[in-house]
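All values below come from the heavy atoms of this structure, side chains included, with hydrogens, waters and symmetry mates left out. This is a predicted model, so every value here is computed, not measured.
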Amino acid sequence: MKKALITGITGQDGSYLAELLISKGYEVHGIIRRASSFNTGRIDHLLLDTYSKDAKLFLHYGDLADGSGLRKIIEKVQPEEVYNLGAQSHVRVSFDQPEYTVDVDALGSLRMLEAIRDYQERTGNQIRFYQASSSEMFGAAKPPQSETTSFHPRSPYACAKVYSFWQTINYRESYKLFACNGILFNHESERRGETFVTRKITRAATRIKLGLQNTLHLGNMDAKRDWGFAGDYVEAMWLMLQAEEADDYVVATGHSYSVREFADKAFSLLDLNAADYIKIDPRYFRPAEVDYLLGDASKIKNQLGWQPKLSFDQLVERMIEYDLEHAKQEKTLRDAGHTSLFVGALSGSQH
């Protein structure tokens, strides 16, 4: 039984990846940060009693800001594969918290690479490493963007990801680590955090439909993104670590849509006109905008056989269906005077 270690396992990608690996017979270990409240909603359905012989998912307290802690976890778990998905991943927030973002997203990757290098040199056991790179690294580069496109990062988050990208290559070339970068373009799902624009739109649209909300405040409506389904993209991560040689790959659909088009699609599924409910708020504009991301995933399609399965329309429909069901639950509880109960239930209902 292979063992895999995932940082960021409580996030959207981590939960889908954990599901995929468990379905393939892996024993999966995840690193979670200590918090005063439970934040495992996206993976609760995978958690069994750790003493059960059927348990396949195990969690460990740790943090990408704590190098010694990462080393201890590597020594304890002894994984064959490590997927570094942990990050401060909100681009707009990275402008407000640049130092923290760089510490976790850039130096955090370096700490993990060092922990793996030390373990591998001491034991002789190879660990295959996946680094979650981002299309945000391309920033102002002209579309379409591929593995040969020069980076032009436009946020502290993107700059930190560029650092991690090159450190991953550096450790591959310097220490012969099997280390891959997955340059993933935007990937969404009903598990997406509610402060990210796609989920913010689908939640608001469904709540507006049921009279729970009146308006939706957004920033740059003209920004274009290559949006895919997160469940498809974690399969690409796994394929990279099964290849004969480590390499770097763009993962994208090859189709780009504006925020306005995403909103129009979401609202139209509910027989609503998005323009009637959206208000532009300057607070949501970035100091430096990324206008147009469009990925060319020819390399991973040709070399590893990966293909996206869910279309843009199917993705939006999936998210709307999920959020509409939760909006209905919220309305039922609110009408019965139990709003606080719904808020508590929603926080643990991401799967």
| note | Only residue of D13, T253, T198 satisfying side chain to side chain donor-acceptor pair (under 3.5 Å) with H187 is D13

| field | Enclosure of K309 NZ (heavy-atom neighbours >12, cutoff 6.0 Å) | value | yes

| message | Would R34 and D63 count as a salt bridge (charged side-chain N to carboxylate O under 4.0 Å, His left out) here? Give the steps. | response | CA-CA 9 Å; R34 174 71 177 88; D63 197 302; over 6 Å; no

| message | Do F165 and I183 make a side-chain contact, defined as non-hydrogen atoms from C-beta onward lying under 4.5 Å apart? | response | yes

| task | Take atom CD of Q242 as the centre, draw a 6.0 Å sphere, and report whether it contains more than 12 heavy atoms from other residues, nucleotides or ligands. | result | yes

| request: Side-chain contact test, heavy atoms from C-beta onward, threshold under 4.5 Å: evaluate it for T206 versus E325 and give yes or no. | output: no

| Test log, rule side-chain hydrogen bond (donor to acceptor under 3.5 Å, both in side chains), inputs S164 and S109 | CA-CA 6 Å; S164 291; S109 303; 2.9 Å; yes

| query | Any idea how F262 and F312 line up, ring-wise: parallel (<30°), tilted (30 to 60°), or perpendicular (>60°)? | reply | perpendicular

| Parallel, tilted or perpendicular: ring planes of H29 versus H60, cut at 30 and 60 degrees | parallel

| field | Ionic contact status for E136 with K161, cut-off 4.0 Å | value | no

| query | Does NZ or CZ of K200 fall inside the cone over Y284's six-membered ring, less than 6.0 Å from its centre and within 45° of the axis? | reply | yes

| query | What's the shortest heavy-atom distance between A252 and G295, and which atoms? | reply | CB-CA, 3.6 Å

| said: When you compare the side chain of F58 with that of K3, does any pair of heavy atoms fall below 4.5 Å? | reply: no

| Pair L241-M237, side-chain contact (heavy atoms from CB on, under 4.5 Å): steps then yes or no | CA-CA 7 Å; L241 296 198; M237 300 176 188; over 6 Å; no

| Does the side chain of D296 come under 3.5 Å of the side chain of S298 through a donor N or O and an acceptor N or O? | yes

| query | How far does CG of N39 sit from CZ of R33, to the nearest 0.5 angstrom? | reply | 7.5 Å

| said: List the residues meeting salt bridge (charged side-chain N to carboxylate O under 4.0 Å, His left out) with R154, not counting sequence neighbours, and say none if there are none. | reply: none

| query | Parallel, tilted or perpendicular: which describes the rings of Y130 and Y83, with under 30° parallel and over 60° perpendicular? | reply | tilted

| Going from NZ on K224 to NE2 on H255, what distance comes out if it is rounded to the nearest 0.5 angstrom? | 12.0 Å

| Is a salt bridge present between K24 and E81, judged by a nitrogen-to-oxygen distance below 4.0 Å? | no

| query | Got a sec: does the CD of E121 have more than 12 other heavy atoms crowding it under 6.0 Å? | reply | yes

| note | Closest heavy-atom pair, A263 versus M221, reported as atoms and distance to 0.1 Å, is CB-CE, 4.4 Å

| request: Taking all heavy atoms of A266 and all of I320, pick out the closest pair and write down the distance. | output: O-CD1, 3.7 Å

| message | As an exercise, state the distance from CG of L272 to CG of D264, rounded to the nearest 0.5 Å. | response | 11.5 Å

| query | Taking all non-hydrogen atoms of both residues, which atom of L85 and which atom of I6 are closest, and how far apart? | reply | CD1-CG2, 3.9 Å

| Taking the six-membered ring for Trp, is the centroid-to-centroid distance between Y233 and F185 below 6.0 Å? | no

| Fellow cluster residues of I116, listed by chain then number, with links counted only when side-chain atoms sit under 4.5 Å apart | L5, I31, L64, L70, I73, I74, V77, V82, Y100, V104, L107, L110, M112, L113, Y119, I127, F129, Y163, Y171, Y175, L177

| message | Distance check, rounded to the nearest 0.5 Å: M240 atom CE versus L304 atom CG? | response | 7.5 Å

| task | Might you work through the side-chain hydrogen bond (donor to acceptor under 3.5 Å, both in side chains) test for D105 and Q88, ending with a clear yes or no? | result | CA-CA 6 Å; D105 296 9; Q88 189 302 98; 5.2 Å; no

| said: Tell me if the CG atom of N214 is crowded by more than 12 foreign heavy atoms within 6.0 Å. | reply: no

| request: Evaluate whether atom NZ of K72 has more than 12 neighbouring non-hydrogen atoms of other residues, nucleotides or ligands under 6.0 angstrom away. | output: no

| S135 and Q145: side-chain donor and acceptor closer than 3.5 Å? | no

| Euclidean distance, K299 NZ relative to D247 CG, rounded to 0.5 Å | 3.0 Å

| message | Is it the case that the side chains of S133 and N181 hold a donor-acceptor pair, with the cut-off being a distance below 3.5 Å and no angle test? | response | yes

| field | Pair E235-Q307, side-chain donor/acceptor within less than 3.5 Å | value | no

| message | Between R225 and E188, does any NZ, NE, NH1 or NH2 come within less than 4.0 Å of an OD or OE carboxylate oxygen? | response | no

| Spacing of E194 atom CD and R203 atom CZ [to the nearest 0.5 Å] | 4.5 Å

| query | Does the pair F196 and H90 meet the rule for a side-chain contact (heavy atoms from CB on, under 4.5 Å), with working shown? | reply | CA-CA 7 Å; F196 289 83; H90 199 289; 4.2 Å; yes

| L310 versus R318, closest heavy-atom pair with distance | CD2-CD, 4.1 Å

| task | Work out which heavy atom in G67 is nearest to a heavy atom in R111; give both atom names and the distance. | result | N-CD, 3.7 Å

